[in-house]
Amino acid sequence: MKKIFIMNLGTTSFKFKLYHVDGDSMDVRASGEIESVGAAQSRWQYSDCNGKSASGASPVPNHGAGFTLFLEMLQVEGLLRSLDDLNAVGYKAVHGGNLSGTRIVDDELIAEMERVTPLAPAHNPIYLSAMKDIRKNYPNLLQIARFETSFHATIPDYRTTYGVPYAWREEFGIRKYGFHGSSHEYIATTMQKLQPEAKRVITCHLGGSSSICAILDGKSVATTMGATLQSGLFNNNRVGDFEPFCLPMLMEKLNCSMEEVLAILSKQSGLLGLSGVSNDLRLVLEAADQGNEHAQLAVDTLVDNILGYIGMYTAYLGGLDALVFTGGIGLNSDIIRSRVCEKLAYMGLVLDANANNGRTDGCISTTDSKVSVWRLKTDEESIVAMNVCSMLQ
Ligand code: AMP
């Protein structure tokens, strides 16, 4: 039996799950999260399989300190006897450049993550800092990274290539990598159990950060994000696909640097920028209902964006057997699901209105629909844990 501590890190957030893995069975024994890492007081919460739950606030200066906080808690609560009781820590790491898949955190991995940090500036530094801290403080602890690009390693070269000088791909790694791999992989694996005959699947991971993936026989063959997490669908506050030749004009008109324009495109655009209301779709939908035209435009653009990629990916797949919605928006917004699906009636896709309005995970299309539609909760950490465990074995 293996004990694995999985970390999912955000700029100021820290989430963990402690897994017990025994053969094919995998159990979450404890989980917790910290908000406002780096603030004077960070709020944390913890719960475990013994029914213990606790929350509090204390200074957690960085993500490495977050690990120590929970490591000590797990020992106090008897979930770990000592550090040696832990077989490995696993990261849902983001951008590994030329390294994808599941890898031991070593000098080579750290160097490659540092090299591609300009392509994932909001994510890689956090993971690197945690990896280095943990290496320094717990030198004998095995650290393993599962990259978010991994599931997309099967996308053919002609679909990961930009129309730029070929040398850029070779020398600088300017190519599409794709992200949210653990989520798309979880859905692909789940669909193989739920509907094994569905060979051509499109997964829509719609949330604070969104991407769509085309899956053929369980393997990713296309995805919307590219060299960075910025491209593809527009997100809550990210622009998504955008025309790079507008940059010089924006710099001149706004009298600001390239970094400042990029910050607007990545933090104040998307739903927030278009609607001027919020980066939360719930509030944008409410404003649209009350007649706010910009909010309505933001919703219409989002639906159209999703629909366009589904059309493109259906062509790539040569048809479609199943369409899956996941992520905060995909799971919770019956409106977005129904607005997208009503435009897919030409495929013979028919949504079951009652199932779509309900709150239960599962199939939400009618029995005679030619394409099945699903609302499924994703579980990214379990994919990381499974891959880490396979590596240990
Ligand atoms: P995630 O990042 O996957 O946790 O998704 C978070 C996002 O889901 C939030 O920013 C909201 O915009 C969106 N969301 C959550 N619940 C709903 C809902 N009932 N309707 C529309 N959007 C929602």
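Order of appearance sets the numbers: ligands from 1, and atoms from 1 within every ligand.
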Would you mind checking which non-hydrogen protein atom is closest to [atom], with the distance to 0.1 Å?
| atom | result |
| --- | --- |
| atom 10 (O) of ligand 1 | Asn236 ND2, 2.9 Å |
| atom 14 (N) of ligand 1 | Gly328 O, 3.7 Å |
| atom 11 (C) of ligand 1 | Asp280 OD1, 3.3 Å |
| atom 13 (C) of ligand 1 | Ile329 CG1, 3.4 Å |

*Sidechain-backbone polar pair: Tyr19 side chain, Met386 backbone, donor-acceptor under 3.5 Å*: no
*Donor-acceptor contact below 3.5 Å, side chain Ser182 vs main chain Ile383*: no
Side chain or backbone, does [X] bring an N or O within less than 3.5 Å of an N or O on ligand 1?
| X | result |
| --- | --- |
| His205 | no |
| Leu281 | yes |
| Leu285 | no |

_Using heavy-atom distances only, which candidate in Arg282, Glu286, His180, Arg359 approaches atom 23 (C) of ligand 1 most closely?_
Arg282
*Among Asn332, Leu283, Ile335, Asn279, whose heavy atom sits nearest atom 17 (C) of ligand 1?*
Asn332
State plainly whether the residues [X] and [Y] are in salt-bridge range, i.e. N to O under 4.0 Å.
| X | Y | value |
| --- | --- | --- |
| Asp379 | Lys17 | yes |
| Lys3 | Asp85 | yes |
| Arg339 | Asp300 | yes |
| Glu114 | Lys132 | yes |

*Regarding Arg238 and the six-membered ring of Phe234, is the cationic atom NZ or CZ under 6.0 Å from the ring centre and inside 45° of its axis?*
no
*Only one of Asp361, Asp334, Asp352 clears salt bridge (charged side-chain N to carboxylate O under 4.0 Å, His left out) with Arg375; which?*
Asp361
*What atoms of ligand 1 come closer than 4.0 angstrom to any heavy atom of Gly327?*
3 (O)
_Show me which atoms of ligand 1 lie under 4.0 Å from any heavy atom of Gly208._
1 (P), 2 (O), 5 (O), 6 (C), 7 (C)
*At under 4.0 Å between heavy atoms, which part of Ile336 makes contact with ligand 1: side chain, backbone, both or neither?*
neither
